[in-house]
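Worth saying up front: this structure is predicted, and the values here are computed from it rather than measured. Numbered from 1 within each chain, the chains take letters A, B, ... in sequence-line order.
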Amino acid sequence: MADLQQRTRFEPAEVEPRILARWLESGFVHPEPAGTAGENFSIAIPPPNVTGALHMGHALNCTIQDALVRINRMRGRRAKWILGTDHAGIATQRQVEKLLESEGTSRAEIGREQFVQRVWEWREKYGGQIIEQFKRLGATCDYEDERFTLDAQYVEAVLKVFVDLYEQGLIYRDNYMVNWDPGLRSAISELEVEEREGVVDTLYSIAYPLASGDGEVVVATVRPETMLADTAVAVHPDDERYALLVGQEVVLPLVGRRLPLIADDYVKSDFGTGALKITPGHDPNDFEIGRRHGLDEIGVIGEDGLMTAAAGERYAGLTALQARDRVVADLEQLEAIRGREPYVHTVPFSQRSGERIEPLISLQWFMRMDELARPAIDAVRCGHVQIHPDSQSRRYIDWLENIRPWCISRQLWWGHQIPVWYRGDETYVGATAPEGEGWEQDPDVLDTWFSSALWPFATLGWPESTRELQAFYPTDVLSTGRDILFLWVARMVMMGLRFAEDIPFHHVYVHSIIQAPDGRRMSKSLGTGIDPLALVEGGPRPPVYASSSRAPGDFPAYGADAVRFGLLAMSSTQDVRFSEEKVQQGQALANKLYNATRFVVLRVGDHAAAAPQPRTVEDRWILSRLQAIKGDTQARVDGFDFAKAALGLYDFIYGELCDWYLEIVKPRLAQDADPDDRATLGATLLHVLRETLATAHPVIPFVTEELWGLLPGTDGQLATSSLPAPDSTLSDPAAELAMGRAIDAVRQLRGWRDFVGVRPGAIVPALLQAEGYERTADRVGALARFAFRPATAAGADAGEVATIGVPGGSVAVLESADVDVGAAERRLQERRTTLRKEIERAQKKLCNEGFVAKAPAAVVEAERVKLERLRSELEAV
RNA sequence: GGGCGCGUAGCUCAGUGGGAGAGCGCUCGCUUCACACGCGAGAGGUCGCAGGUUCGAAACCCGCCGCGCCCA
């Protein structure tokens, strides 16, 4: 932006890459590990999947974290934004499997060692592009110190935690019900399970004869094939229909096994016949019931999705679906089917493979969580870890109070292989392989969340006692979406307390989820997602983002500042819909700031030094308002109220600074104006602008950095400059009062002009007959284009053609060619009507005994003052 | 089934006891010498519905309707 004179628009596409390069070159993103975590500021980024591409959630979270990091860096704290990526077991493995498929080979064919090698190669080539995208948003992560959850040092931390927890008895191997993904042939975590609503199945009613031969019990199921694994029938303990039967046995058709009839609260009496077949081997709820009642757990569906030998010769080897058909047919033969009806319900599917989850029991590694959960609950209860908004604390605590063992093994090849070796009946657990021949390592890897749980301290070098750990742990803030509060945040608290001997962060900020304009989630497959960089640099606008004013097509290149501003302005404590208008507002703000700076720089000249040197009421006013916006913005960012921070800056810059202050002082900058005043005004303008840029920097870093460089007398980068604190000696309530009144008066006068149809350029002669304008009358006149004549004793009233009410009195309009007297009269009538109505209202209120007696005195007094004001205005007009 | 949240201007959202707000959109006016990504002025709302508490409710309480999310 060399030619300030000519360029009237801020051009982010030209400016932002240049500024970014300068930031990265200067190296401030990497703080030296010195001092204590209490003095320093740190945030650990939620590590994006190494396969990841930037989505709106990343962009929002990036902006939030960057605003926090920047504001604290400007406070002079060593600010470290811990950066890295997650190896993301399943997602990454799938990517490479797909690649192999396209090459006509497969994971099984090339073998484990080769495969893992290929994943590393893939990661080298494609991994971490998301980090480049973070840069484009202006995120000042510590790019010089990037971590990966499979770095050697990180692996060491993971293995140590596993071994320690094993030795402490918290990690164990057990047969347990897992979410089995038949497509991946692995257990998957709850996070990767998607509940699909509206799945239509057939609900079969099947008769199980009583062993006594005396009747039957009818049960309902959508999965008849699982009956082969039934080990009980359950009813509700209060269900009178079955009260006498509990304790008896039924005979399982096709199999002949005798099943006890048990009573359990879980059963809903009003569903079907009130009797529930219990299949502990293939249903999570039945599994729980089974464990409560000590039932056998039979598995008839194998990990390959085929029926096992336990299903019996007739069914073994069939797929579950084939088995279902055969079971139904066989039951029909027995005349055991009592009914079938369509049944709509919710069914778990794997997000990864898209296949229906097959709940089954398998031998897995588990982690006992109750002992770890207790201190993590206390940390939040006592406020050591504060969750914002606070409503999320309860979700966190509820979840931890009802926590279950965590299945930490995954049947994958990409990840931290479980550090357990087997030889015959022997088991060895240790960070390195045992001595001796014939040991074989457990083939499974750990759930990705196991390693993520160590993120805030493993990235800083734990288990070594490093300088980094000293300087940056615990971190200050963790910012994340609600969806991983349990899967990640809670686990980090547990692991941090257990292993790093302190909470991992003081504050957790749970940010909004940004939805598509139609309220659906943003998703590639739905066509509702947008690439944040398409907003920054221009790119496709999907159809759902079109509106009456916006055709589908391409987004203009709004720039990173606009996107950051827009995202923060949109954000809230709840989910919000994406609004392009807010991004546009950010763009407008950047442009406004640019032009305001241009104006000041071109008028003030290079020699001026920035300093607050107020001479007039408007100078005192803007300095006073500046103190307010500095304080408000800092408090809002610190309080995680990012929307108010962003919009507050907009209001100050657009409204108070540009619309009012710059407009008012324009005449004082004219060529023929008083040079002394010009000089002090220049100093004040520069001061206000500098502090405004610094205050806005954490939200819109690029434009503020660029403009900082254009201001005379600045040296160094804004990003590493100090944040200006509010100066109470510059707060001036009297100036705010006077200017507030003046602004209201200008609005009244402009509204009147418009209504009466005064020619836009015309200067209206008038008398200002109002109090409180001693210091502002000429400003009001200039902005509203009124020429206030001194009130002469005689002859003045003669020419009065209209009266306009303003705070503190009125303006008497004198006769002139530009004023349509008839319109003015209509305007006056309108105003009188409004005033009478309002007076009536106020009177009524004050006559209300209840109000006068019970409302706070200040409120009553305010009402009286208001009534007085209205009356005097009515009198004046 | 349990829990949490939401319903305010055409759209996206602020406002959480004392005269309904912002941005965008819309209408009218303005080549006002920083900015037409601009300036100025307007129109537009029975604050989901029905009760209650209160001198006073968009806000607090109860119920209903609609929408969303989480857990089961």
Discussion item. Checking A/Arg381 now: which residues fulfil salt bridge (charged side-chain N to carboxylate O under 4.0 Å, His left out) with it, not counting sequence neighbours?
Written reply: A/Glu401
I'd like a table of atom pairs between the protein and nucleotides 43-47 of chain B - only N or O on both sides, under 3.5 Å - with the distance next to each one.
none

Item to complete: Strictly below 4.0 Å, heavy-atom distances to any atom of RNA chain B: list the hits from residues 652-665 of chain A, or just say none.
Response: A/Tyr654, A/Cys658, A/Asp659, A/Leu662, A/Glu663
Discussion item. By the salt bridge (Lys or Arg N to Asp or Glu O under 4.0 Å) test, which pairs, at least two apart or in different chains, include something from residues 840-860 of chain A?
Written reply: A/Lys845-A/Glu863
Fill in: Qualifying residues under side chain to side chain donor-acceptor pair (under 3.5 Å), relative to A/Glu873, sequence neighbours excluded
A/Arg831
Practice prompt. Mind checking salt bridge (charged side-chain N to carboxylate O under 4.0 Å, His left out) for A/Arg864 and listing every partner two or more places apart, or none if nothing turns up?
Written response: none
Could you go through nucleotides 20-22 of chain B and list every protein N or O atom that sits under 3.5 Å from one of its N or O atoms, giving the distance for each pair?
none

Please write out the pairs of protein N or O atoms and N or O atoms of nucleotides 14-16 of chain B separated by less than 3.5 Å, giving the distance to one decimal.
| residue | atom | partner | partner atom | Å |
| --- | --- | --- | --- | --- |
| B/A14 | OP1 | A/Ser572 | OG | 2.9 |

Discussion item. Suppose we screen for ring-ring contact (aromatic ring centres under 6.0 Å, His included). Which residues come up paired with A/His236, at least two apart in sequence or across chains?
Written reply: none
Item to complete: Would you mind listing every side-chain hydrogen bond (donor to acceptor under 3.5 Å, both in side chains) that reaches into residues 644-663 of chain A, with sequence neighbours excluded?
Response: A/Asp619-A/Tyr661, A/Arg625-A/Glu656, A/Asp641-A/Lys644, A/Glu663-A/Lys666
Protein-nucleotides 53-57 of chain B N/O pairs under 3.5 Å:
| residue | atom | partner | partner atom | Å |
| --- | --- | --- | --- | --- |
| B/C55 | OP1 | A/Lys854 | NZ | 2.1 |
| B/C55 | O2' | A/Asn848 | ND2 | 2.9 |

Response to the item:
Applying salt bridge (charged side-chain N to carboxylate O under 4.0 Å, His left out) to A/Asp283 and not counting sequence neighbours gives none
